[in-house]
Amino acid sequence: MSGPVLGVLGGGQLGRMLALEARAMGVRTRLLDPAPDACSRGVGELTTAAFEDRAAIERFASGLTAATYEFENVPPETVERLAGLVSVHPGAASLVAASDRVAEREALIGAGFGVAKYRVVDGDGSLEEAVGAVGLPGVLKLRRGGYDGKGQMVVREASEVSGAETWRGGRGAIFEELIPFRRELSIVGMRGADGACRFFPITENVHRDGILLTSMAPAPGVSAEVEALARTHAARLMEELGHVGVLAVELFETGEGLIANEFAPRVHNTGHWTMDGAACGQFAQHVRAVLGLALGETRALGHAGMVNLVGCLPDIGRVLGVPGTRVHLYEKEARPGRKLGHVNVLAETAAERDARVAEVLVMLPEGALGGGG
Ligand code: ATP
Ligand code: MG
C-alpha cells in the first residue's frame with residue numbers, strides 16, 4: 001500500500017462509511033472486526049479477529065499511519081495496546097468514559113451538562129434504595145454494553161422493582177429518573193489535533209422501539225443561547241477527555257433546558273445527515289481529525305432529514321424518486337431491528353424537507369423496525 005493507511009477498530013456501518021470517505025481523500029483503511037461478514041468488507045481491508053487477540057492487534061497495527069474506533073464497546077485495553085504501536089484517536093480516556101454509564105455521567109457533569117437524577121445500583125437490594133432516592137417512574141440501565149435501547153428497562157410501579165432486579169441479575173447498573181422530555185436532540189462536534197472544536201447544528205431525533213428512526217437538522221426552534229451553551233459544554237467535554245475526532249452528545253429538551261443522556265466518542269447515527277447536508281460530513285471530519293489534517297466546514301447546506309432503514313428495506317427505486325434523497329446502504333443481511341441503511345433528504349425549506357421525509361416514511365415496509373436484534 002502507498003499513502004496513508006487508517007486503522008479502524010470495528011467494521012460495521014460506521015467503519016464502512018469512514019472507509020468510503022477516507023478512500024475519497026486518498027486514504028486506505030484497514031478495519032478489525034470479529035465478524036467475518038462485517039459490512040465494511042470490500043470497502044477496506046478487513047482483518048477478522050477478536051478485539052482481545054494481542055497477536056492480531058500487532059499485525060493489524062503494522063504499517064498504519066493512525067488508528068481510531070467506530071464502536072465504544074471495544075475493550076479499552078485493546079485501544080491502549082494499539083496506542084503503544086500507532087497514534088490512536090480518540091484516546092482510551094474517551095472510550096473509558098463512554099463505556100460506563102457512571103463514568104459517562106461524571107464526565108458530562110464535569111463539562112457542565114445537566115443529567116437526570118440517578119443512583120448507582122450494584123449490590124443486592126440496592127435497586128430498591130435507588131428507587132427510593134430517585135422516585136418512579138425511572139429507567140434501570142446496565143452500566144456497560146447497551147445500545148439501541150438494549151440493556152435498559154423502564155420501571156413505572158413499585159410492583160415492578162423485583163422483576164427488574166431479576167432482569168439485572170447482579171449486573172452493575174444505574175437507576176435514573178424518566179425524563180418527560182419535549183423532544184430528543186443531539187449535538188455532534190469534533191476536535192482537531194490542534195484542539196480547535198467545531199459543531200454541526202443541533203439535530204432533532206425521533207426513536208421508535210429504542211432505535212433511531214429520523215433526524216432533522218438544523219433542529220427547528222433551538223435558540224442561539226441554547227445552541228451556544230450546548231457547544232460550550234461539549235467543547236469542555238472534548239477538552240477534558242483530550243478527545244480528537246468526532247463526538248456526539250444525546251440530549252433531552254425539557255422545560256428547564258437541556259439534559260444530557262449520553263455521549264458517543266465517535267461518529268454517530270444522528271450525524272448521518274451531514275454526509276449530504278453539511279459542507280463537510282462527520283465521516284470526512286473524523287478522518288481529517290484522526291490524521292491531524294485541517295477540519296472542514298460544518299455549516300448546513302439547507303434543511304436535512306435522515307431516515308434509518310431498519311429491519312428490511314423499502315423499494316429503493318421509489319425512495320430515489322422523492323426529490324432531494326440520497327440512499328446509503330450498508331450491504332447487511334436483513335434482520336429485525338438491524339440498521340441496514342439510511343436515506344438522507346435535502347430541501348431548501350424545513351416544510352419541504354418534512355414533506356419529503358414523510359413521503360419516505362410511508363414507503364417503509366411493515367416489517368421495518370420493531371423487535372429483534
Ligand atoms: P443508543 O445506543 O441507541 O443511543 P442506548 O441503548 O445507549 O441507545 P439510551 O440512549 O440511554 O440507550 O436510551 C435509548 C432511548 O431511551 C433514548 O434515546 C430515549 O428515547 C429513551 N431514554 C433513555 N433514558 C431515558 C430517560 N432517563 N428518560 C426518558 N427517556 C429515556
Ligand atoms: Mg442513546
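All residue numbers refer to positions in the sequence shown, counting from 1. In listed order, ligands and their atoms are each counted from 1.
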Should you measure from each heavy atom of [X], which atoms of ligand 1 turn up under 4.0 Å away?
{"X": "Gln152", "result": "5 (P), 6 (O), 9 (P), 11 (O), 12 (O), 13 (O), 14 (C), 16 (O), 23 (C)"}
{"X": "Glu184", "result": "17 (C), 18 (O), 19 (C), 20 (O)"}
{"X": "Glu250", "result": "4 (O), 10 (O)"}
{"X": "Gly149", "result": "5 (P), 6 (O), 8 (O)"}

Problem - Heteroatom distance test (Val139, ligand 1): nitrogen or oxygen, under 3.5 angstrom - result: no

Practice task
Report yes if some N/O of Phe181 lies less than 3.5 Å from some N/O of ligand 1; otherwise report no.
Solution key: no

Practice task
Write the atom name of the N, O or S atom in Glu250 that is nearest the Mg ion (ligand 2).
Solution key: OE1

Completion exercise
Among the N/O/S atoms of Glu262, the Mg ion (ligand 2) lies closest to OE2

Fill in the blank from the handout: Test side-chain hydrogen bond (donor to acceptor under 3.5 Å, both in side chains), reference Ser215, set Thr270, Asn269, Asn205, output is Asn205

With a heavy-atom distance limit of 4.0 Å, tell me whether [X] approaches ligand 1 through its side chain, its backbone, both, or neither.
{"X": "Lys141", "answer": "side chain"}
{"X": "Asn261", "answer": "side chain"}
{"X": "Arg183", "answer": "neither"}

Can you tell me if [X] uses its side chain to pair, donor with acceptor, with the backbone of [Y] under 3.5 Å?
{"X": "Arg30", "Y": "Gly44", "value": "no"}
{"X": "Arg353", "Y": "Thr349", "value": "no"}
{"X": "Glu250", "Y": "Glu262", "value": "no"}

Completion exercise
Heavy-atom nearest pair, Tyr69 first then Pro265, reads CE1-O, 3.8 Å

Exercise for the section: Return a yes/no value: protein heavy atom under 4.0 Å from atom 21 (C) of ligand 1? Expected result: no

Problem - Flag: protein heavy atom within less than 4.0 Å of atom 15 (C) of ligand 1 - result: no

Exercise for the section: Would you indicate which of His207, Glu262, Glu104 comes nearest to atom 4 (O) of ligand 1 when only heavy atoms are counted? Expected result: Glu262

Handout entry: Closest to atom 2 (O) of ligand 1 among Ile211, Asp148, Val206 (heavy-atom distance)
Key = Asp148

Exercise for the section: Drop me the distance from Thr48's OG1 to Leu32's CG, to the nearest 0.5 angstrom. Expected result: 8.0 Å

Fill in the blank from the handout: When rounded to the nearest 0.5 Å, the distance separating CG of Asp33 from CZ of Arg16 is 13.5 Å

Practice task
For the residue pair His272 and His342, categorise the inter-ring angle as parallel (less than 30°), tilted (30 to 60°) or perpendicular (more than 60°).
Solution key: tilted

Exercise for the section: Please confirm whether Lys332 makes a cation-pi placement over Tyr330, using NZ or CZ under 6.0 Å from the six-membered ring centre and within 45° of the ring normal. Expected result: no

